[in-house]
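Both backbone and side-chain heavy atoms feed into the values below; hydrogens, waters and symmetry mates do not.
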Amino acid sequence: MCEDDHENDHAGIGRRAVFVTGAAAALTLTTVSFASAAGGTGPRTRTVRGTLPPGAPDFVYVPVEVPRGVREIHVAYTYDRPTVPTGTQGNALDIGLFDEQGTDLGGRGFRGWSGGARTEFFVRADAATPGYLPGPVRAGTWHIALGPYTVAPQGLSYEITVTLTHGEQDEAPRPVYPPERAKGRGRAWYRGDCHLHSEYSDGRYTLAEIAELARAAGLDFINSSEHNTHSAHAHWAEHAGDDLLIMLGEEVTTRNGHVVALGTDPGTFVDWRYRARDNRFGRFARQIRRAGGLVVPAHPHATCIGCNWKFGFGEADAVEVWNGAYTPDDEVALADWDGMLVASVRDGRRDWIPAMGSSDSHRSPDVIGRPQTVVLADDLTREAIQEGIRAGRSYVAESSKVSLSLTASGGRGEHAGIGERLRVAADTPVTVRLEVTGAPRCTVRLVTDQGVLFTSDPLPVSGAGVVEWRTTASYAAYVRAEVRHEAAAGPLPGALAAFTNPVFLGS
């Protein structure tokens, strides 16, 4: 028997309790009750409707009373998309689910998030829609989480249909995670893409397709980074191998910027329901590190709503300077990162924030491995790759065809490579040498704390070349290299083919 009940419609947002946590206010609506379904058989359905006004809280919770004996929860939703004037935001409504353990920030109740990528999902003990976590369906108050990403001037009218299916629950699967080590080549340069998406969030690639394309792109490692969910973690094991290290993480997608949790322990969930002024990010950055991960702000100058990074860089282990196909956003991010390097030199700090790049691929024709971070690591392991990234022993290349080697040497055999410091006196002559392959007709620029101090002629059609430049530590506190394509026109530099983290000069 299937019963359809519309009695619990929400009248706008008038019937509610409001719980405010800083800027990220939360609104809890009237409970959807299935109490009368206890002990029944077959699916039971309730449908609720409501309207959210412009300026609605970041998160709206719809409580659902789940009785005993439920085998599966299924949720479907729709919302209106009215026409709006040019330059005005229309409606966009995200959705997720928390179980009877509650909606506390960082709590244990999280059961999944699909953002705006799906119109329906299910959860049961043995399976769940990608983006959601299988596990026991226990009696109690569950919550459907709505995230009004943008609301049109007319408001956002929604309809949610909840169906509970009774029956005996199957056994929950035991998660199997990919190994933290691949075969590797000892201490070597390893190529990776640490920011990509699959059908487990808003991507269209399957995990198998990502693994296949990563191998075809010449990658040695990747990092799982679905938006606001770790649901893919338990599905990666079969796609790993001696030739591909698969690390696990999350793209923590807040309303004030996105951050990649890179290489966390399997099953780590990082909450995202806060803004910069809530002063909560430090707590979750520390959680990422306790779980063995790195904190990497993503596309910090992206222009999409909520994408621009507003939490500062005090908690960052690295920063994603190049995201996908090279655009003006990346040029701004590169310049901003260079300013951070100058600030670290100015303040006499030994700590600095390394740069990296990732594809942020979601679907074809997004290119997995464009760009890729090339890391000098002691082996192909989670820990060694993370240590190389944290130390800045890396460069970013648009593909596996491009390879760089940047070194600085003094007159007595002293030498240092990318991410290292050449300890020489201020007036000691220093030779900076860059070797490039795979960059035909590209131009090399050497950048210091003063700016661009050297620009080469275009490399030959073969794409290989060597550039040498001489300086001193008093003249250049650091040197980093950029390899750029020929500019189409005008004074702006061409798009990047590759760039390095700096070599620091001086004692």
Side-chain angles (χ1 to χ4, degrees), residues 31-32 34 37-38 43-46 59 61-77 94-115 117-147 160-178 198-202 206-207 224-238 248-252 261 264-273 284 287 291:
T31 299
V32 180
F34 283 82
R44 304 291 294 270
T45 296
R46 302 284 189 270
F59 303 102
Y61 297 103
V62 180
V64 179
E65 289 295 338
V66 177
R68 291 184 178 87
V70 171
R71 179 176 185 268
E72 178 182 290
I73 297 176
H74 181 277
V75 177
Y77 83 119
D94 295 340
I95 196 166
L97 185 68
F98 290 78
D99 66 20
E100 86 291 345
Q101 297 176 90
T103 62
D104 290 347
L105 192 66
R108 302 180 64 183
F110 176 76
R111 289 300 291 268
W113 184 256
S114 49
R118 299 182 185 279
T119 59
E120 60 183 310
F121 61 85
F122 76 90
V123 170
R124 62 175 188 257
D126 63 316
T129 300
Y132 294 80
L133 303 175
V137 178
R138 291 180 286 260
T141 303
W142 291 53
H143 289 83
I144 299 167
L146 301 177
I160 305 171
T161 299
V162 184
T163 300
L164 304 186
T165 301
H166 289 257
E168 185 177 349
Q169 298 191 42
D170 293 327
E171 186 176 352
R174 182 176 180 179
V176 178
Y177 301 113
S198 76
E199 61 185 352
Y200 280 83
S201 59
D202 63 341
T206 66
L207 302 189
S224 176
S225 57
E226 308 295 356
H227 292 284
N228 297 343
T229 181
H230 59 293
S231 61
H233 287 194
H235 301 275
W236 273 113
E238 65 181 288
L248 304 176
E250 178 184 332
E251 183 176 7
V252 185
T264 53
D265 294 336
T268 297
F269 165 65
V270 184
D271 214 319
W272 72 96
R273 294 171 293 161
F284 293 99
Q287 179 200 353

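To the nearest 0.5 Å, atom NE2 of residue His143 and atom CZ of residue Phe59 are 14.5 Å apart. Distance check: Thr229 OG1 to Glu251 CD gives 12.5 Å after rounding to the nearest 0.5 Å. The CG atom of Asp94 lies 8.5 Å from the CG atom of Asn228; values are rounded to the nearest 0.5 Å. Separating the CZ atom in Phe110 from the CG atom in Asp271 is a distance of 8.5 Å, to the nearest 0.5 Å. Expressed to the nearest 0.5 Å, how far CD1 of Ile160 lies from CD1 of Ile95 amounts to 5.5 Å. Distance OH/Tyr200 to OG1/Thr129: 10.0 Å, rounded to 0.5 Å.
Between the side chains of Ser201 and Glu226, at least one donor N or O lies within less than 3.5 Å of an accepting N or O. Side-chain contact of Glu65 with Thr141: a donor-acceptor pair under 3.5 Å is present, judged by distance alone. With 3.5 Å as the limit, one finds a donor-acceptor pair spanning the side chains of Tyr132 and Ser114.
Looking at every heavy atom in both residues, Pro134 comes nearest to Ala128 through N-CB, 3.7 Å. Taking all atoms of both residues into account, the shortest heavy-atom contact from Ala139 to Pro67 is CB-C, 3.8 Å. Taking every heavy atom of both residues into account, Ala125 and Pro173 meet most closely at O-CD, 3.4 Å. Closest of all the heavy-atom pairs between Ala145 and Phe98 is CB-CE1, 3.9 Å. Looking at every heavy atom in both residues, Ser198 comes nearest to Leu207 through OG-CD2, 3.4 Å. When all heavy atoms are compared, the tightest approach of Arg273 to Gly106 is NH2-N, 4.1 Å.
Residues in residues 96-109 take part in these salt bridge (Lys or Arg N to Asp or Glu O under 4.0 Å) pairs, two or more places apart or across chains: Asp99-Arg111, Glu100-Arg138. Among pairs with a residue in residues 164-174, those fulfilling salt bridge (Lys or Arg N to Asp or Glu O under 4.0 Å) read Arg71-Asp170, at least two apart in sequence or across chains.
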* Criterion side-chain contact (heavy atoms from CB on, under 4.5 Å) on Arg46 and Phe34, from CA distance to verdict -> CA-CA 8 Å; Arg46 302 284 189 270; Phe34 283 82; 3.2 Å; yes
* Audit row: Val75, Thr161, side-chain contact (heavy atoms from CB on, under 4.5 Å) steps and yes/no -> CA-CA 6 Å; Val75 177; Thr161 299; over 6 Å; no
* **Stepwise side-chain contact (heavy atoms from CB on, under 4.5 Å) check, Leu146 with Tyr61** => CA-CA 6 Å; Leu146 301 177; Tyr61 297 103; over 6 Å; no
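In this pair, Trp272 and Trp113 present their aromatic rings tilted. The plane angle is within the 30 to 60° band. Between Phe269 and His230, the two ring planes are tilted [angle within 30° to 60°].
No close placement of the His74 and Phe121 rings is indicated, their centers lying 6.0 Å or farther apart.
Evaluation of the side chain to side chain contact (heavy atoms under 4.5 Å, CB included) rule for Gln287 yields Thr268, Val270, Phe284, Arg290 as partners, not counting sequence neighbours.
At a threshold of 4.5 Å between non-hydrogen side-chain atoms, the residues Val162 and Thr45 do not count as touching.
Using a distance-only test at 3.5 Å, with no hydrogens or angles considered, a donor-acceptor pair links the side chain of Gln169 to the main chain of Val70.
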